[in-house]
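As structure tokens, the structure follows; a few thoughts come after it.
Protein chains get the first letters and strands the later ones, always in sequence-line order, with residue 1 at the start of each.
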Number of protein chains: 2
Amino acid sequence: MSAQDHYDTLSLQDSTILAETFRLLGDPSRLRILFYCLNEPKSVGDIAEQLDLSQTLVSHHLRLLRGARLVIGERRSRQVFYALADDHVRDMLKDMVVHIKEEEF
Amino acid sequence: MSAQDHYDTLSLQDSTILAETFRLLGDPSRLRILFYCLNEPKSVGDIAEQLDLSQTLVSHHLRLLRGARLVIGERRSRQVFYALADDHVRDMLKDMVVHIKEEEF
DNA sequence: TTAATATATGAATACATATTCATAAGTTAA
DNA sequence: TTAACTTATGAATATGTATTCATATATTAA
């Protein structure tokens, strides 16, 4: 993106794409899943157990996150390990936490 | 936030707060409103006209955004001008666009 | 005051979605 | 093969929410 590009007009299409990502981040369970997988891949069962969510629910959420390319899954024998899709997603999440924590409530 | 703090565990409370913000950003109309007000305050009627949204709908969305302290409104005689609440919100939105645009789809 | 303009609010509706339950599908061990 | 383990999927439900309509509130002009 060049320096002269501006952000103040968001096309209908761009806003829809961007909103879709935000919408997926707008659920506490999904956010916790993403942050739990932030640094290293985690298995579905591990996620469910550590975050105290049902295995079924975790699977459903992971499917949505996969569809938006926020995570990728890799099968290792019986288990499937999920990780953030790339560093952009990782940095984005870290940035968001910084921004949120900087707000005084 | 100090350097030794980590991001990989998001408490239930933190995830709820963070998700609430993301959820609000996860709507195309609200996103467009926020970006339209990114650089200078805009009146409700101006927003509605330029984004082709009903005045009522814009008001409803602005109320939600106000509630989350993402925007602030200032009355100038008959009109009310809305602006982003602070630079954190502004930077956050700009960062997100950069991240999204960097993804190759 | 009344009229006109600008914004906000409450109710109603239609649609989306988070969660649970039951069960299927994939993988490994016996 | 069967059995155990792990993950995914489809249906059902209950809750949430974006949008519209009608109307109220606030401000200014006449």
Practice task
Kindly say if S29(B) contacts the phosphate of dT19(D), meaning a side-chain N or O under 4.0 Å from OP1 or OP2.
Solution key: yes
Exercise for the section: Give a yes/no on whether any side-chain N or O of S54(B) is located under 4.0 angstrom from OP1 or OP2 of dT19(D). Expected result: no
Interatomic distance, [X] [atom1] vs [N] [atom2] [rounded to whole Å]:
{"X": "I33(B)", "N": "dT7(C)", "atom1": "CD1", "atom2": "C1'", "result": "13 Å"}
{"X": "L31(A)", "N": "dA18(C)", "atom1": "CG", "atom2": "P", "result": "12 Å"}
{"X": "E49(B)", "N": "dT5(C)", "atom1": "CD", "atom2": "P", "result": "15 Å"}
{"X": "R23(B)", "N": "dA18(C)", "atom1": "CZ", "atom2": "P", "result": "11 Å"}

Completion exercise
Distance col, row L70(B):CG vs H61(B):NE2, nearest 0.5 angstrom, shows 13.5 Å
Exercise for the section: Assign L24(A) to base, sugar-phosphate, or nothing according to its heavy-atom contacts below 4.0 angstrom with the strands shown. Expected result: nothing
Exercise for the section: Could you check whether I47(B) gets within reach of a base, just the sugar-phosphate, or nothing at all, counting any heavy atom under 4.0 Å? Expected result: nothing
Fill in the blank from the handout: Given protein heavy atoms under 4.0 Å, the one-letter contact record of nucleotides 9-14 of chain C, with B base, S sugar-phosphate only and - none, is simply BB----
Practice task
Name every residue in residues 75-83 of chain B that has at least one heavy atom under 4.0 Å from any atom of DNA chain D, in order of residue number, or write none if there are no such residues.
Solution key: R75(B), S77(B), R78(B)
Practice task
Salt-bridge test for R90(B) and D87(B): reply yes if a basic N is under 4.0 Å from a carboxylate O, no otherwise.
Solution key: yes
Completion exercise
Residue set satisfying side chain to side chain donor-acceptor pair (under 3.5 Å) with Q55(A), at least two apart, ordered chain then number -> S59(A)
